[in-house]
Amino acid sequence: MKRAGVFTVLLLCIVAAAQKPRGAQWRKIGDFANVPEAPAKTLIQCGTLIDVRTGRAEKNVLVELAGNQVKSVSPGVAGANQLPPGSIDLSTETCLPGLIDVHTHVLLQGDITAEDYDKQLLKWSPEYRTILGTQAARKALEYGFTTIRDLETEGAGYADVDIKKAINAGVIPGPRMQVATRALDVTGAYPLLGYAPNVPVPHGVQLCDGADGCRKAVREQIMYGADWIKVYSDRSYYIDPNPPAGISPAPVLNDIPTFTVDELHAIVDEAHRQRHKVASHATAYNGVHNSVEAGIDTIEHGDYISDADLKLMVQKGTYFVPTLYVGEYVAEGRAKAGAPVWLDMIKISADTFRRAVKAGVKIAFGTDAGGFDWNIDPAVEFGLRVKYGQTPAEALRSATVVASELLGMQKEIGAIEPGKLADIVAVKGDPLSDITVLEHVDFVMKGGVVFKK
Ligand SMILES: [Zn+2]
């Protein structure tokens, strides 16, 4: 650099420093300088703390944090007035680990009918949808979900990668995210559908056909930031009047499988080869069966799973992510739009859930939030899970310990324990006797930083 150049830069720095308001922080957006810092040391007094591993409620617990991590968990002080200044007093609250939702769509704003869906893809730009997505991410965090797995953008490209990046950079508030980017389905199976062949329309997924074509799509999505590969394994659900021999229980909810088993194998093989996992939207018999056979890691929805496939899932360690609430949310609207099977599916999915609990399948907490309005707290799912056969402690474990294992983050999150990230939420009341109190989280801390108080 020439002398004059150096001088000019120096002069500019001096002018800039003079203009900086006294005591203000420079905010370098996008430059990783905006992440709120956790204080070096914090004490939290919890009236009750739920040990999610044992399902026990411990009274009067003191949690000590060092930066973004939990340092110790010990019997707490008797009164809040004995806490040192700067401590967080939750002595009238129940503390729990930050909740984890492993099936969300921050880029979707409710989708009961095809009309709702088509509007978002045809009339809203990806930029506008991303703005709404940032709002959904903030809401998820404020509801108490400190980590989410977002299972595809529904036509909004790779915007989930950018939302995750903006959260990690501290540009916007939101949960820790794992993302699936565009998802995969075969030609002719995923909306937008029903438009004239000469009218090009966007699709809610990346289309791929054939083992090699799908392998390439997996490579592309991983290249652009996918943590997970998501596939749609079935569509067009119906109660099968002539189910395959030996499949129980009846009635069998059947489907049109999308990918061939050969294609699914290629997708799973390519993803696993690159140390990524695969989530499969599989609602009915064929979709679930083919996915489990192909070695997929998580079954999403699983409204109908045969007894034989539940057994296979236990053997293979496949996770089950039921989504009971969204099924009830969309049923009536979809029945009115000409698909009454969605009303039958409420009963069928409740029965599958009961059988899965009994069979000992690993059940994780996912909601499909975004499939329903983000103004509804996704924690409504907890109530249905308890109604259909889990104990409140099991439901809580599914949204903490089990979900952290599904994400491969069990060393960092899922429990309030020394060495783990300080993801802590608090509610009034006792979730072990009334799980619906989780719909009213009033304190949220993520990585030692308080986001809601
Ligand atoms: Zn979904």
Side-chain angles (χ1 to χ4, degrees), residues 100-114 116-118 120-121 129 132-133 136-137 139-140 145 147-157 159-160 163 175 177-185 189-192 203-206 221 226-237 255 258 277-284 287-288 291 296-305 319-331 333-334 339 342 345 349 352-353 363-374 376 378-381 384-385 399 403 406-407:
I100 304 169
D101 187 340
V102 299
H103 189 137
T104 66
H105 301 277
V106 294
L107 287 142
L108 196 61
Q109 311 300 325
D111 140 49
I112 296 177
T113 63
D116 299 331
Y117 191 79
D118 291 18
Q120 295 181 52
L121 272 76
R129 293 185 62 196
L132 297 181
K139 281 181 183 165
F145 293 92
T147 304
I148 61 174
R149 180 181 61 155
D150 202 67
L151 277 187
E152 88 123 325
T153 63
E154 307 283 1
D160 53 353
I163 290 177
M177 287 176 81
Q178 291 188 1
V179 299
T181 72
R182 301 173 62 194
L184 301 172
D185 204 339
Y190 204 83
L192 306 187
H203 294 290
V205 290
Q206 179 169 7
Q221 294 191 355
D227 299 306
W228 282 77
I229 296 300
K230 158 105 180 262
V231 296
Y232 285 85
S233 299
D234 59 9
R235 66 182 177 94
S236 305
Y237 316 116
D255 53 26
T258 55
K277 287 189 270 188
V278 184
S280 175
H281 164 112
T283 295
V288 172
S291 299
I296 265 156
D297 302 279
T298 70
I299 294 291
E300 309 300 313
H301 313 301
D303 290 71
Y304 180 84
I305 308 179
Y319 287 88
F320 176 30
V321 184
T323 54
L324 301 169
Y325 175 75
V326 74
E328 297 194 359
Y329 176 85
V330 300
R334 290 190 181 173
W342 284 88
M345 281 161 63
S349 60
T352 300
F353 184 75
I363 300 177
F365 188 86
T367 64
D368 216 2
F372 55 90
D373 194 324
W374 276 101
I376 298 167
V380 290
E381 175 79 16
L384 290 177
R385 291 190 175 204
L406 179 151
L407 298 174

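These numbers come from the heavy atoms of this one structure, side chains and all, not from hydrogens, waters or symmetry mates. Remember, it's a predicted structure, so these values are computed and weren't measured experimentally. Start at 1 and go down the list; that is how both ligands and their atoms are numbered.
- No other N/O/S atom of Asp368 lies as close to the Zn ion (ligand 1) as OD1 does.
- For His105, the N, O or S atom closest to the Zn ion (ligand 1) goes by the atom name NE2.
- Ring geometry for His103 against His105 counts as perpendicular: the plane angle is over 60°, on a 0 to 90° scale with 30° as the lower cut.
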Check against side chain to side chain contact (heavy atoms under 4.5 Å, CB included), Arg385 and Leu324: CA-CA 8 Å; Arg385 291 190 175 204; Leu324 301 169; 3.9 Å; yes
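- Relative orientation of the Tyr237 and Trp342 rings is perpendicular, given thresholds of 30° and 60° on the angle between their planes.
- Ring-plane geometry between Phe372 and Tyr325 is classed as perpendicular, the angle between the planes exceeding 60 degrees on a 0 to 90 degree scale with a lower cut at 30.
- The Zn ion (ligand 1) does not have His281 among its coordinating residues (no N/O/S atom, backbone or side chain, under 2.8 Å).
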